[in-house]
Amino acid sequence: MAQYNYIRFLYFNQKKSKRAIASELGIHRDTVTKAIANPEQKYRLSTDRPQLVNGDFKKRINIMVKENSEAPKGQKLTKLRMYELIREEGYSGTYSSFTYQCRKEEEKLHINQQEAYLKLVPISGSLQVDFGEVYSVKKGVPVKQHAFCAKLCSGKGEFVKAYPREQTEFFFDGLSSAFKFFGGIPKKIIFDNLKPAVKTVLKEQDRILQQEFLKIQSFYSFEAEFCGPGKGNEKGLVENLVKYVQNNYFLPRPEFISYEDTNQMLLKKCQHRLRTKKHLGETWEKRLLAEDFLPLTEIYDYARLKDVKVSSYQLVHIDTNRYSVPTEYVGKRLQARLYPFEIRLVYNDKVVAVHDRLFGKNKEILYPYHFLSLLRKKARGYDQAKVIQDWMLSIKLIH
């Protein structure tokens with residue numbers, strides 16, 4: 001190091017030539033050149049050290065690395081496991097020698113190369129949406145819910161609503177509810193590859209979209225953008241919102257009363273943050289006024305349709321639950337319109353029954369007035385009729 005310092009002193013300070021320095025110090029001119037070009041005075045390895053043990057197994061290690069990189073997610077081996085397997089084949093090298101060869105091959109194949117990102121400026125009128133799992137408790141038993149989360153990219157405003165599932169009717173209701181909350185339709189919405197929206201993921205940004213999603217997109221006229229598979233960072237704002245909701249609204253787990261009660265709580269939380277949170281010195285509520293939205297003039301009415309047949313007990317079966325209809329529709333086929341929290345049963349374009357939607361399994365709703373005509377004919381069965389017993393029990397519980 002002292003010699004390197006002196007060489008650089010003679011060259012840069014005393015302005016001597018490389019030949020003069022080499023002659024004065026009695027060293028080779030290449031040494032002078034290296035000292036001038038290497039101000040940090042670090043030892044630099046110009047060629048790889050020979051890895052004697054890796055020699056015979058070099059090709060085998062390279063194959064293992066390549067095959068492991070092409071393995072499906074969840075089936076990739078750790079380097080420690082790969083080392084254990086190759087030891088069984090007779091490899092006697094150390095773990096560090098093995099990983100050294102692995103890293104060389106990974107570098108050659110561009111495996112585990114860190115991805116570069118562009119710093120983006122948020123566009124006014126753009127929204128990110130996603131679902132996240134949250135939990136409440138009911139009588140000590142966990143109740144899983146799916147929180148629809150929406151986050152404005154520029155104004156930072158948030159909207160959250162809980163649903164029992166992530167099916168199409170809940171997804172569309174979440175979008176429409178968010179538009180109502182924000183007071184307009186974002187021109188651009190960034191989605192994950194949700195099943196209610198994406199039928200097939202193709203290469204890069206190409207997608208085959210669900211027909212129902214194309215209808216709601218056409219109705220509201222927003223631009224849809226989809227993240228790459230496993231690229232949660234492309235919608236980082238809403239990913240962070242999901243974590244915030246999980247940690248702040250559902251921990252400790254609240255008591256579950258109903259979805260209406262839960263969503264009233266979430267709405268108040270969103271309204272409070274809109275009024276109090278600030279970005280760039282302005283409240284989210286004020287920034288919301290400057291968003292570049294499309295006007296919201298009408299709400300998209302969507303229900304998942306299902307054909308059902310009325311049983312001899314005046315019941316229709318929907319998603320393992322049962323709902324009553326008037327006696328005159330026994331044996332007839334009806335159309336069930338499944339809204340997020342309501343079911344309408346229709347016969348020849350006439351709504352013949354409306355029920356709160358049940359979630360869970362083997363539950364039923366029996367309305368007494370649906371059975372009045374039958375009870376008149378079979379009066380002797382009045383006291384034993386399940387609909388009457390359930391109805392009387394409900395009255396007792398209310399009082």
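This one's a predicted model, so the numbers in the text were calculated from it and none came from an experiment.
- Counted within 6.0 Å of CZ on F12, heavy atoms from surrounding residues, nucleotides or ligands total more than 12; the atom is thus considered enclosed.
- Linking ILVMFWY side-chain heavy atoms closer than 4.5 Å, directly or via other members, places I257 and V143 in two distinct hydrophobic clusters.
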Exercise. What do the steps show when you test S96 against T99 for side-chain hydrogen bond (donor to acceptor under 3.5 Å, both in side chains), and what is the final call?
Worked result: CA-CA 5 Å; S96 60; T99 56; 5.7 Å; no
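- The distance from atom CZ of F179 to atom CG of L294, rounded to the nearest 0.5 Å, is 9.0 Å.
- Judged purely by atom type and a 3.5 angstrom limit, K156 uses its side chain to pair as donor or acceptor with the backbone of C153.
- Taking the six-membered ring where the residue is Trp, Y259 and F256 present perpendicular rings, their angle passing 60° and hence far from 30°.
- Looking only at atom types and distance, the side chain of E255 has no donor-acceptor partner in the side chain of S136 under 3.5 Å away.
- Contact record, R87 with G93: NH1-O, 3.8 Å, taken as the closest heavy-atom pair.
- Put simply, the side chain of R287 gets close to the backbone of S154: a donor and an acceptor are under 3.5 Å apart.
- Between the side chain of N193 and the backbone N or O of V198, no donor-acceptor pair lies under 3.5 Å.
- Scanning both residues, A150 and L241, for their nearest heavy atoms gives O-CD2, 3.5 Å.
- For the pair Q217 (side chain) and E223 (backbone), a donor-acceptor distance under 3.5 Å is absent.
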Would you give me the side-chain donor-acceptor pairs under 3.5 Å for residues 343-356, sequence neighbours excluded?
unit_1 : atom_1 : unit_2 : atom_2 : d
R344   : NE     : E342   : OE1    : 2.7
R344   : NH2    : E342   : OE1    : 3.1
H355   : NE2    : S324   : O      : 2.7

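- The side chain to side chain donor-acceptor pair (under 3.5 Å) test applied to K108 returns E105, not counting sequence neighbours.
- Across every non-hydrogen atom of I7 and A35, the tightest pair is CG2-CB, 3.8 Å.
- Atom CD of E260 sits in a sparse spot, with 12 or fewer heavy atoms from other residues, nucleotides or ligands closer than 6.0 Å.
- When side chains are defined from C-beta on, R81 does not count as touching K76, because their heavy atoms never get closer than 4.5 Å.
- Ring geometry for F172 against F213 counts as tilted: the plane angle lies between 30° and 60°, on a 0 to 90° scale.
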For this session: List the steps and the verdict of side-chain hydrogen bond (donor to acceptor under 3.5 Å, both in side chains) for T327 and Q314.
Result: CA-CA 6 Å; T327 308; Q314 296 183 221; 2.9 Å; yes
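- Other residues, nucleotides and ligands place no more than 12 heavy atoms under 6.0 Å from the CD atom of Q211.
- We find the CD-CG distance between Q128 and L152 to be 10.0 Å, quoted to the nearest 0.5 Å.
- Judged by distance alone, the side chain of Q246 and the main-chain N or O of V134 form no donor-acceptor pair under 3.5 Å.
- When all heavy atoms are compared, the tightest approach of G90 to F57 is C-CZ, 3.6 Å.
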Exercise. Could you go step by step and tell me if K18 and D30 meet the salt bridge (charged side-chain N to carboxylate O under 4.0 Å, His left out) rule?
Worked result: CA-CA 9 Å; K18 293 180 182 180; D30 288 347; over 6 Å; no
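- The backbone N or O of L214 sits nowhere less than 3.5 Å from a side-chain atom of S218 that would complete a donor-acceptor pair.
- A side-chain donor-acceptor contact under 3.5 Å links R337 and Q335.
- Note that CZ of F341 and CG of D173 are 7.0 Å apart. Values are rounded to the nearest 0.5 Å.
- No hydrogens or angles considered: nothing links the side chains of Y11 and S17 as a donor-acceptor pair under 3.5 Å.
- Taking every heavy atom of both residues into account, S312 and V330 meet most closely at CA-CG1, 3.8 Å.
- Using a 3.5 Å distance cut-off with no hydrogens or angles, the side chains of N263 and Y163 do not pair a donor with an acceptor.
- Atom NZ of K151 and atom NZ of K235 lie 14.5 Å apart (nearest 0.5 Å).
- Remark: R273 qualifies as a cation-pi partner of Y244 under the 6.0 Å distance and 45° angle criteria applied to the six-membered ring.
- One distance of note links OG1 of T320 with CG of L358; it measures 9.0 Å at 0.5 Å rounding.
- Proximity of Y6 to E24: side-chain heavy atoms (C-beta onward) are separated by under 4.5 Å at one or more points.
- To the nearest 0.5 angstrom, L25 atom CG is 10.0 Å from T31 atom OG1.
- Contact detail for G360 and N321: the closest heavy-atom pair is O-ND2, 3.3 Å.
- For the pair R253 and Y135, the cation-pi test (distance below 6.0 Å, angle within 45°) is passed.
- Ring orientation note: the planes of F98 and Y83 are tilted relative to one another, at an angle of 30° to 60°.
- S124 contributes a side-chain N or O that, together with a main-chain N or O of D292, makes up a donor-acceptor pair within less than 3.5 Å.
- Ring pair F148/F170: centre-to-centre distance not below 6.0 Å.
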